[in-house]
Amino acid sequence: MVNKTFTKILSLGMGIVLVTSVLMVFVFHSYYEKQAQSNLKTVATLVSEEINNTGDYSFINSVNDDTRLSIIAPDGKVLADSMENAETMENHADRPEFKEAMQSGHGSTIRKSATIDQNTFYYAIKLDNGNILRVAVTGDSVFIVFYESLFYIAIVGLAVMVLSLIISYAVTQSIIKPITEIGKNLDNIEEQETYEELAPFVNKLKEHKRKQKQLDKQKKEFTANISHELKTPLTSIAGYAELIENGMAKQEDIRPFAHTIRKQALRLVTLTEDIIQLSQLDETRSESINFEEVNLGQIAENCAESLEMNARSKNVTIETEIREEYINANPSLIEEMVYNLVDNAIRYNKDGGYVKIKVHNPLGTSVVLSVEDNGIGIPAEYQKRVFERFFRVDKSRSKETGGTGLGLAIVKHIAEVHNAKINVISKVDVGTKIEVEF
């Protein structure tokens with residue numbers, strides 16, 4: 001990264017120098033051309049006034065200067081020239097500056113010499129007697145100027161290169177050093193101070209570290225809770241199995257012991273399934289989950305039907321008030337959510353109680369799933385904690401009913417994946433109502 005940054009800064013500096021040099025050559029040459037034309041016009045004006053006043057242009061033949069003067073008759077014949085023998089010169093009637101001067105009184109043009117790669121600047125002005133005075137000067141083309149400037153450009157470029165090397169190294173170090181320091185002190189990122197431009201990057205690292213710490217803490221707690229939850233049924237199974245194996249159980253006790261072993265084994269199966277489900281949700285990113293249009297009402301109906309027998313065995317009635325409402329969701333996760341909510345409402349209900357399942361769109365902007373029961377209820381101080389993993393309000397009742405303490409944790413996780421809000425309304429010995437708003 002350091003070498004790439006250094007190379008980019010250096011290349012940028014050299015590129016700017018080269019482009020600036022070329023542009024400056026063209027700019028100065030353009031200025032030079034305009035200045036040359038202006039000077040020619042001034043000379044032409046002064047000479048034309050002299051000739052108009054005296055009527056004599058014989059002095060032109062004796063002018064010894066870089067500026068060339070010519071007198072051209074209206075028919076294009078050269079009458080006098082300061083550099084050539086006028087008698088031997090070709091007719092100039094086809095020259096652009098001559099034609100323009102004959103028509104408008106003055107004309108100018110620039111012509112390039114193919115042999116010497118030089119530009120000749122011409123300015124022509126019409127005299128009072130009808131003749132044309134033409135003034136000309138030869139100058140280097142922009143390419144000659146550029147080539148002649150290459151040496152100076154190279155010297156400046158070399159100086160800038162050395163300066164760029166020093167500045168690029170200093171700038172690179174100033175950019176990279178804070179990042180390197182952050183990398184070396186990731187464990188103490190909370191104490192890191194950096195310049196404003198790096199603040200979003202550092203804040204993201206801090207946020208990530210906080211989340212990682214929280215996740216690590218949750219994993220440790222989760223592992224400890226799993227160990228505790230598994231230990232009880234396994235100890236029970238092992239104990240009863242040992243009594244049977246050693247022949248210490250009476251014949252009439254074998255059947256109850258087997259029932260207890262089966263019950264604890266089923267509890268382990270349920271617990272394992274919930275743990276696997278929760279672990280998969282933890283490891284799955286929201287963007288990797290397939291979403292589609294889902295009929296929440298239909299899923300709720302299916303869950304009510306599948307849990308009907310379970311509800312009857314506990315003398316609980318399931319009532320439904322379900323409309324067909326569609327949401328963008330993952331169907332299997334939504335089914336898991338509804339099943340857990342209804343199963344919980346049945347599990348922690350009273351003899352002869354009811355469970356009401358409702359799917360509706362009260363405001364026309366969001367779909368709401370509500371599961372209501374008239375069961376044991378949740379004390380106010382525990383209502384925010386019921387979605388924690390392995391949290392149980394009444395641990396003895398949970399074990400009797402086969403609850404793992406993970407059902408509502410799974411519900412919360414699925415809600416978060418779907419950006420849904422959960423609301424709990426409960427009162428002890430009156431009942432509980434849990435709403436999920438999509």
Show me, pair by pair, the donor-acceptor contacts under 3.5 angstrom made by side chains of residues 430-438, not counting sequence neighbours?
residue : atom : partner : partner atom : Å
T432    : OG1  : S426    : OG           : 2.7
K433    : NZ   : E435    : OE2          : 3.4
E437    : OE2  : S366    : OG           : 2.9

Donor-acceptor pair, side chain of N349 and main chain of A345, under 3.5 angstrom: yes
Closest contact, heavy atoms only, S306 versus Y339: OG-CE1, 4.0 Å
N315 vs D351, side-chain hydrogen bond (donor to acceptor under 3.5 Å, both in side chains): CA-CA, chis, key distance, verdict: CA-CA 6 Å; N315 197 24; D351 185 53; 3.0 Å; yes
Worked verdict on V417 versus N330 for side-chain contact (heavy atoms from CB on, under 4.5 Å): CA-CA 9 Å; V417 166; N330 179 276; over 6 Å; no
Salt bridge E325-R323, side-chain N to carboxylate O under 4.0 Å: yes
Euclidean distance, R68 CZ relative to M83 CE, rounded to 0.5 Å: 6.5 Å
Short side-chain to backbone donor-acceptor contact, N310 and I346, under 3.5 Å: no
Student check: side-chain heavy atoms of L408 and L341 closer than 4.5 Å: yes
E336 versus I410, closest heavy-atom pair with distance: CG-CG2, 4.0 Å
L333 CG to N290 CG distance, which is reported to the nearest 0.5 Å: 10.0 Å
Heavy-atom side-chain contact between L40 and V137 under 4.5 Å: yes
For H106, ring pair (Phe, Tyr, Trp, His ring centres under 6.0 Å) partners two or more places apart: none
E335 atom CD: more than 12 heavy-atom contacts under 6.0 Å: no
Residue pair I132, M102: steps toward the side-chain contact (heavy atoms from CB on, under 4.5 Å) verdict: CA-CA 8 Å; I132 300 297; M102 287 297 296; 3.6 Å; yes
S108 side chain reached by Y122 side chain, heavy atoms, under 4.5 Å: no
Pairwise distance OH(Y123) to NZ(K41) - rounded to 0.5 angstrom: 4.5 Å
R347 and K314, any side-chain heavy atoms less than 4.5 Å apart: yes
Closest contact, heavy atoms only, T320 versus E301: OG1-OE2, 4.3 Å
Close side-chain approach of L296 and I334, heavy atoms under 4.5 Å: yes
Full working for side-chain contact (heavy atoms from CB on, under 4.5 Å) between V355 and N374: CA-CA 7 Å; V355 174; N374 61 337; over 6 Å; no
Electrostatic pair E97:R134 at N-O distance under 4.0 angstrom: yes
Residue pair I357 / I318, side-chain heavy-atom distance below 4.5 Å: yes
Criterion side-chain contact (heavy atoms from CB on, under 4.5 Å) on I376 and V428, from CA distance to verdict: CA-CA 6 Å; I376 61 175; V428 176; over 6 Å; no
Flag, side chain of S104 to backbone of A101, donor-acceptor distance under 3.5 Å: no
Any side-chain heavy-atom pair of D429 and K350 under 4.5 Å: yes
Rounded distance [0.5 Å steps], CG in L369 versus CD1 in I422: 10.0 Å
For S48 against L133, the heavy-atom pair lying closest together: N-CD2, 3.6 Å
Atom pair CD (E388) and OH (Y382), whose distance is rounded to the nearest 0.5 Å: 11.5 Å
Closest contact, heavy atoms only, V294 versus A329: CG2-O, 3.4 Å
Minimum heavy-atom distance P256-E252, with the two atoms named: CD-O, 3.2 Å
Partner residues of F387 under the ring pair (Phe, Tyr, Trp, His ring centres under 6.0 Å) criterion, sequence neighbours left out: none
Interatomic spacing from CD1 in I322 to CG in N295 - rounded to 0.5 Å: 9.5 Å
